[in-house]
Protein chains: 2
Amino acid sequence: MSNKLLLLTQSNEKYIELLTKQNLPELEIVDDTPEHIARTNIWLADPPLAAPLLGIGKNLKWLQATYAGVDKIVSVKQRSDYLLTNVRDIFGPMMSEYVFSYLISHLRHHNSYFNSQKEQVWQSCADQQLRNKTMLILGTGSIGQHLAQTAKLFGMKVIGVSRSGDKKANFDECTHIYQLDEQLPYADVVVSVLPSSPQTDDIFNSARFSKMKENVIFFNVGRGNAVDLYDLNVALIERPNMLAVLDVFKTEPLPKQDEIWQRDNVVITPHIAAPSTPEQVVDIFAENYRRWLKGVDLQYQVDFKLGY
Amino acid sequence: MSNKLLLLTQSNEKYIELLTKQNLPELEIVDDTPEHIARTNIWLADPPLAAPLLGIGKNLKWLQATYAGVDKIVSVKQRSDYLLTNVRDIFGPMMSEYVFSYLISHLRHHNSYFNSQKEQVWQSCADQQLRNKTMLILGTGSIGQHLAQTAKLFGMKVIGVSRSGDKKANFDECTHIYQLDEQLPYADVVVSVLPSSPQTDDIFNSARFSKMKENVIFFNVGRGNAVDLYDLNVALIERPNMLAVLDVFKTEPLPKQDEIWQRDNVVITPHIAAPSTPEQVVDIFAENYRRWLKGVDLQYQVDFKLGY
């Protein structure tokens, strides 16, 4: 076999089963003995499991990450002398499921109806609909575009914010990240799908929260680094009509002692908005492996400087 | 003034305010004294409020209903010698909001995450996504088409069922209502947006529920007549993994003593899935009134024989 594959995932058995079905030529799957780590040229890995081993992976040529967030392996202290690919374009529908189900549940009072039902009370609420509301989406890649498309279907106005400011499909308007402060006061809903990078650290801080509407609904489904959680906790106390829906955090699991758990106007979920399934990852890996054999450019290459 | 308008709604003051802004020519709004009811040629009315007065409305020429369901005024015992219009095409996005928020909340365990959060527990569930699931929609008009479009965006397969069986936009397939029994076993989600008519009475009965998947998610957001609630209650007891989400009932409010309130696997809401707002109704009325003045065909005419 000319290629060896090192598997570093939390579900190695599932991956072996799926990879075997793909029947990929000239590929031997090896286990993670120190000798194999040093000698294996292709890695299929969860980024946090690969990170501590990069130093001894002398023969690593290509690492296929099993999910989108690769910040653990593209930090400045890590090497960048290999090809890194991640998984993309599969998260849009699941992110839309997450964002719109929590958004509509809130605006249409699912909890109130649930409580009325328990008491057999037929009582309607002053529900709000999405129509004519404004959604500001930070990040205009494939996930942001799917969110925008869904928002348009519900009659919303959708503004995109990105590093380039280029107009992208499904958005009514797109602006540069440096115009964020001008957009925040008009948004009924703010959704961050930003990747992790030094430029996005604490982009949502007290100054930014203070520019948002009193009853804004704020989502972080990108990476935890984008939110100053201390500032958000203060904002949530000062603004009881605000809602924050958070799926990602700087430290995961979110520590028990973090005060933000105590807020009534927050939804906290354990990084489940858009998981990549082994089936999806293996499909992407198999396509990339066939390209690798042919010497063709791989899909979803990560730029080490940008971090995504 | 050549035209008189009789207002019969639960929000007459709001309607007067909105109608005044429209500045419609040759139109006098009158109150509901017996003399006015007998003499007024145009009615803008909630169907249940108009129903008992049709007999004395000797001069009624056109009735604009304030919502979609007009079964109260097209029953066989009522007259049909006037023009009846209802409101349509405004409900799609709100119906999609309702259906998909309850659907996703269920498949992605909002309740479990809410309970984990209360105990500061970071615990993921085996969430299901909509992708590759099959949705069967009964009713392929504008509401059904919007539901289908939303379902496609989430990667679902969508089958439509209607009286004609004609292929409509956004559906993967459409079939005749007499082929319903063949489709039911394959549907992960069944959504009824059927209008009320003798043909749709109790269309969902024990025989139909027994053909559905054990873990089907069944929505009734059309009219209450379509569901035999006794049979549904039995089905929910026999099939603990089934979920029914019900917004409409034969008797509304749903009586306190109805056993279905007791089920854990039911969501009951008080006919709020897609309310028409006075703003939307007045826009439709104003457009129709301008057509009326010009002698042009009105929009959204109801066929008294079909009942919709």
Side-chain angles (χ1 to χ4, degrees), chain A residues 90 92-94 96-114 116-125 127-131 146 149-150 152-156 247 249 252-258 261-263 266-275 277 280, chain B residues 90 92-94 96-114 116-125 127-131 146 149-150 152-156 247 249 252-258 261-263 266-275 277 280:
Chain A
I90 58 177
M94 277 195 294
S96 283
E97 288 181 3
Y98 181 94
V99 168
F100 288 91
S101 63
Y102 277 108
L103 178 57
I104 299 166
S105 299
H106 176 68
L107 292 175
R108 300 192 62 166
H109 303 99
H110 281 208
N111 279 341
S112 299
Y113 289 118
F114 179 72
S116 292
Q117 180 182 335
K118 280 194 295 195
E119 296 173 3
Q120 303 169 31
V121 170
W122 183 270
Q123 174 75 54
S124 57
C125 304
D127 290 337
Q128 294 179 68
Q129 54 173 303
L130 295 180
R131 183 164 169 268
H146 196 281
Q149 189 178 6
T150 310
K152 292 308 296 175
L153 200 53
F154 287 119
M156 302 184 83
D247 186 52
F249 302 88
E252 294 182 1
L254 179 64
K256 281 232 178 205
Q257 68 273 21
D258 198 297
W261 285 107
Q262 311 300 331
R263 302 283 75 75
V266 72
V267 171
I268 293 171
T269 56
H271 203 145
I272 49 78
T277 65
Q280 293 167 320
Chain B
I90 58 177
M94 277 196 294
S96 284
E97 288 181 2
Y98 181 93
V99 168
F100 287 91
S101 63
Y102 277 107
L103 179 56
I104 299 166
S105 299
H106 176 66
L107 292 176
R108 299 190 62 166
H109 303 98
H110 280 208
N111 279 341
S112 298
Y113 289 118
F114 179 72
S116 292
Q117 180 182 337
K118 280 194 295 193
E119 297 174 3
Q120 303 169 33
V121 170
W122 183 271
Q123 173 75 54
S124 57
C125 304
D127 291 336
Q128 295 179 66
Q129 54 173 304
L130 295 180
R131 182 165 169 267
H146 196 282
Q149 190 179 3
T150 310
K152 292 308 297 176
L153 200 53
F154 287 119
M156 301 184 83
D247 187 52
F249 303 87
E252 294 181 1
L254 179 64
K256 281 232 179 205
Q257 68 273 21
D258 198 299
W261 285 108
Q262 310 300 332
R263 302 282 75 76
V266 71
V267 171
I268 293 170
T269 57
H271 203 145
I272 48 78
T277 66
Q280 293 168 320

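This structure is a prediction, so every number in the text was calculated from the model and none was measured.
- A/His146 touches chain B through its side chain: at least one heavy atom from C-beta onward sits under 4.5 Å away, while N, CA, C and O do not.
- Contact of the A/Arg131 side chain with the B/Pro93 side chain is not registered, since no non-hydrogen atoms from C-beta on lie closer than 4.5 Å.
- Across every non-hydrogen atom of B/Ser105 and A/Ser101, the tightest pair is N-CB, 4.4 Å.
- In terms of heavy-atom pairs under 4.5 angstrom with chain B, the leader among A/Leu153, A/Thr150, A/Ile104, A/Leu103 is A/Leu153.
- Interface remark: of the candidates B/Thr277, B/Thr269, B/Leu130, B/Leu130 forms the most heavy-atom pairs closer than 4.5 Å to chain A.
- Inter-residue side-chain proximity for A/Asp127 and A/Leu107 is flagged as unmet; no heavy-atom pair is nearer than 4.5 Å.
- Within the 4.5 angstrom heavy-atom criterion, only side-chain atoms of B/Gln262, from C-beta onward, approach chain A.
- Counting heavy-atom pairs under 4.5 Å between each of A/Cys125, A/Ser96, A/Pro275, A/Ser116 and chain B puts A/Ser96 at the top.
- Counting heavy-atom pairs under 4.5 Å between each of B/Arg108, B/Met94, B/Gln149 and chain A puts B/Arg108 at the top.
- Considering all non-hydrogen atoms of both residues, B/Pro255 and B/Trp261 come closest at O-NE1, 2.9 Å.
- A donor-acceptor contact shorter than 3.5 Å links the side chain of B/Gln117 to the backbone of A/Val266.
- No side-chain heavy atom of A/Arg263 sits under 4.5 Å from any side-chain heavy atom of A/Ile268.
- Most heavy-atom pairs under 4.5 Å with chain B: of the set A/His110, A/Gln129, A/Gln123, A/Lys256, this distinction falls to A/His110.
- Note: B/Tyr102 leads B/Phe100, B/Phe114, B/Tyr98, B/Tyr102 in heavy-atom pairs under 4.5 Å with chain A.
- For B/Tyr113 (side chain) and A/Pro270 (main-chain N/O), no donor-acceptor pair under 3.5 Å exists by modelled atom type.
- Comparing B/His271, B/Glu252, B/Lys118 by heavy-atom pairs within less than 4.5 Å of chain A, the highest count is held by B/Glu252.
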